[in-house]
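The chains referred to below are lettered A, B, ... by the order of the sequence lines, with proteins before strands, and numbering in each begins at 1.
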Amino acid sequence: MSTFVGPARVRYAPSPTGEPHIGNIRTAIWSWLFARHTGGQFLVRIEDTDQSREVEGSVGRILESLRWLGLTWDEGPDIGGPYAPYVQSKRLDDYHAAARRLLDSDNAYRCFCTPERLDALRKEQQAERRSPGYDGLCRSIPAAEATARAASEKFVVRFKVPHEGSTTVEDLLRGPITVENRTLDDFVILKSDGFPTYHLAHPVDDTAMHITHVTRGDEWLPSAPRHALIFDALGYPRPIYVHNAIILAPGGGKLSKRHGAKSVLEFADDGYLPDAIVNFLCITGWGHGDDTVLSREELINVFDMADLSLAPATFDIEKLNWMNGVYLRNMQPEDLVEQIAARLDRDLPPEVPRPLDRANLAAIAPLIRERIQLLSEVLGFVDFFYATDIPTPPVEQFLVKRWREKAPEAAAALAAAVEAIAGAAWSANGLEETLRAAAAAAGVPVGDLFSLIRLAVTGKAVTPPLFESMEIVGAEACLARLRAAEAALRAAS
RNA sequence: GCCCCCAUCGUCUAACGGCCAGGACGGCACCCUUUCAAGGUACAAACAGGGGUUCGAUUCCCCUUGGGGGCACCA
C-alpha cells in the first residue's frame with residue numbers, strides 16, 4: 001500500500017551502550033526488509049557521541065547480532081562505504097561545520113550556563129509546576145561578546161527555536177504532527193566536549209548518507225520537530241520519518257529483563273532460530289492478511305513500512321516458541337542434524353566422545369523434531385542415548401497407575417518382556433510386534449507394559465518413541481537395564 | 001505540570017463506509033496414539049464509552065476513559 005517505489009536507503013543506528021535487545025532489533029529487521037523490498041540499501045552507523053555511556057565490545061556484539069539474524073548491511077563501520085566513516089565519533093568535523101553554519105546564520109547561539117545553573121533552574125521550574133526547559137538566558141548575549149568568551153570559557157551551542165509559530169513534521173504512518181514552537185526550548189546541539197547531541201548528528205549524518213527513510217522508535221516523536229527545524233535551517237531536504245511503536249512487556253509496561261527483553265545473542269543461546277526470530281518480530285506490530293509464517297523471501301516481498309501498526313505490541317513469548325517449533329519442523333533434515341549436533345556439542349558432558357556420530361544423530365533427529373520448540377530442549381530428550389550407565393529409577397516411579405502396590409506383578413511383566421525380546425532381531429518394528437504380543441499374552445494393556453520398559457530403558461517417563469529409541473540404544477544396554485529394573489522391583493516386593 | 005502518540009478476541013493482527021468482524025498464538029473438547037509431542041476436527045473469545053457525519057459506521061470527526069512516550073551537555 002506504499003506509494004514509495006524507488007530504492008530506499010535506511011539505516012540501523014545503535015549506540016554502543018550494550019547489546020541490541022529484542023525491541024530495538026525489530027526496527028532493524030523492518031528496515032532491512034524494507035531496504036531489500038525496495039532494492040535499496042541497508043546501512044549500519046554507530047552513534048557514539050556520548051563517550052561516558054560507551055560499553056566496551058558493544059560494536060562487535062551489535063554486528064554479531066545482525067550477522068546471526070542474517071541482516072546483511074551494505075555499508076557500515078566494518079566495511080566502509082561511499083559515505084564513510086560510519087562511526088559518529090569520527091565525523092566531528094562535519095558536526096562542527098554544521099554548528100558553525102547555524103551560528104553564522106543566527107539559528108544557534110553559544111550558551112555559557114553552568115550545569116549548576118541549569119540544575120537549579122530545573123528544580124525551580126518543577127517547584128513552580130512549570131514546564132522544564134532552558135530559559136534562553138544566553139540567547140541575548142551579543143555575538144561578538146559570545147565569540148570572545150568562547151576563547152576562555154566552556155560553552156555549548158544551542159539551537160535558537162523560534163518563539164512564534166508551529167512546526168509540522170510528516171510521519172509516514174500518522175501523517176502530519178504539529179507542535180507549537182513555544183513548547184520547545186533552545187536545545188543543545190553541540191556539547192561542551194565538542195561532541196554533537198543526537199539532535200544535530202541525526203540531520204547531519206542522515207543527509208550526508210542520503211538516508212531516505214528515518215526509522216526509529218516513537219519515543220522520538222516529540223523531538224521530531226526539533227530535527228525538522230535543523231534540517232530546514234541547514235537547507236537540507238527532510239527525510240521521510242517512520243516512527244514505530246515499541247514492544248511492551250506481557251503485563252503491560254516497558255519490556256524488561258524479566259519479560260524477555262533479552263539480547264539477540266541470548267535468544268541464540270536459548271536455542272531460537274534466526275529465521276523464527278525474524279519472522280516473529282516482523283509480525284509483532286505488523287500483519288499480512290491471514291498469513292503468519294512467512295519465509296524471509298516472502299517477507300521481503302510483502303513487507304511494507306507503511307503497514308506498520310501504530311499501537312504498541314505485547315511481546316508474546318508463547319507464540320515465538322510455537323513459531324520456533326514450526327521452523328524446526330520445516331527444516332531440511334540434514335540442517336536439523338547439524339543444528340542438533342552443534343547444540344549437543346556444547347550441552348553434552350565432556351565425557352561423551354567428540355565429534356558426535358552424525359549417522360547416529362541422523363537416526364535420533366526425526367524422533368525429536370516434533371517434540372522440541374527450542375534447541376535447548378534437545379538435551380533433555382536425548383541424553384540417555386549418550387549415557388553409558390543409566391541408574392535404575394527408584395521403584396516408586398515404576399509403581400504408578402496399574403502397578404501401584406504391585407511390585408511383583410511389574411517385575412513379572414518386565415521379566416516376560418525380557419524373555420520375549422532377548423535374542424530376537426533388534427529392530428523397532430520387530431520389538432514393537434514382539435512386545436505387543438507379550439503384553440497380550442500377559443494380559444497387560446500395552447501402554448502399561450511399555451511405560452515400565454520406557455522407564456527402565458531411558459530412566460524417564462517422557463521420551464522419544466520407545467522402540468526406535470531401543471533400537472538406537474542397542475540390545476545389550478536395553479536388556480541390562482531391563483534386568484536391573486526387574487531385580488529392583490523384586491527386591492522391593 | 002505541559003506536550004505528543006495510540007485504542008478490533010487474553011495476545012499478535014486482517015478489514016482501507018456496506019456479506020454471520022477473518023486468521024494466528026494461547027484456551028477448551030474430541031479424534032489419533034506406547035509417554036510426550038506433532039497432526040486433524042469443533043467450540044468459546046473482540047470492534048473501550050458517549051456524541052456527531054452518513055441511506056449505512058469497526059472504518060471519518062469531536063469528547064471522555066484507558067494505555068504508551070517526551071520535556072538532559074542520553075540516545
Would you be so kind as to tabulate the donor-acceptor pairs closer than 3.5 Å made by side chains of residues 308-318 of chain A, with sequence neighbours excluded?
| unit_1 | atom_1 | unit_2 | atom_2 | d |
| --- | --- | --- | --- | --- |
| Ser309(A) | OG | Ala311(A) | N | 3.4 |
| Asp316(A) | OD1 | Glu318(A) | N | 3.3 |
| Asp316(A) | OD1 | Lys319(A) | N | 3.3 |

From the set G22(B), C74(B), G1(B), return the single nucleotide nearest to any side-chain atom of Asp290(A).
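So the nucleotide nearest the side chain must be G22(B).
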
Name the nucleic acid region contacted by [X], choosing base, sugar-phosphate or nothing; use a 4.0 angstrom heavy-atom cut-off, strictly under.
X: Thr49(A); result: sugar-phosphate
X: Arg174(A); result: sugar-phosphate
X: Pro196(A); result: sugar-phosphate
X: Cys113(A); result: base

Contacts under 3.5 Å, N or O only, protein and nucleotides 8-12 of chain B:
| unit_1 | atom_1 | unit_2 | atom_2 | d |
| --- | --- | --- | --- | --- |
| U11(B) | O3' | Thr314(A) | OG1 | 3.3 |
| C12(B) | OP1 | Thr314(A) | N | 2.9 |
| C12(B) | OP1 | Thr314(A) | OG1 | 3.1 |
| C12(B) | O3' | Gly285(A) | N | 3.3 |
| C12(B) | O2' | Ile283(A) | O | 2.6 |
| C12(B) | O2 | Lys319(A) | NZ | 3.2 |

Take nucleotides 27-40 of chain B nucleotide by nucleotide from the 5' end and write B, S or -, depending on whether a protein heavy atom sits under 4.0 Å from the base, only from the sugar-phosphate, or from neither.
-------BBBBSS-

Give each protein N/O atom lying under 3.5 Å from an N/O atom of nucleotides 69-72 of chain B, with the pair distance.
| unit_1 | atom_1 | unit_2 | atom_2 | d |
| --- | --- | --- | --- | --- |
| C71(B) | O2' | Pro132(A) | O | 3.1 |

Qualifying residues under side-chain hydrogen bond (donor to acceptor under 3.5 Å, both in side chains), relative to Arg481(A), sequence neighbours excluded:
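side-chain hydrogen bond (donor to acceptor under 3.5 Å, both in side chains) check on Arg481(A) returns nothing, list empty.
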
Given atom CZ of Arg53(A) and atom P of C73(B), what is their separation to the nearest angstrom?
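Rounding to the nearest Å, CZ of Arg53(A) and P of C73(B) are 14 Å apart.
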
Are Arg11(A) and Asp205(A) within salt-bridge range, i.e. N to O under 4.0 Å?
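No, no charged N to carboxylate O under 4.0 Å.
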
Tell me whether Arg226(A) is salt-bridged to Asp185(A), with the criterion being a basic N under 4.0 Å from an acidic carboxylate O.
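Looking at Asp185(A) together with Arg226(A), the answer is yes, because their closest N to O distance falls below 4.0 Å.
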
Inter- and intrachain pairs under ring-ring contact (aromatic ring centres under 6.0 Å, His included), touching residues 160-184 of chain A, at least two apart
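Listed by first then second residue: nothing to list.
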
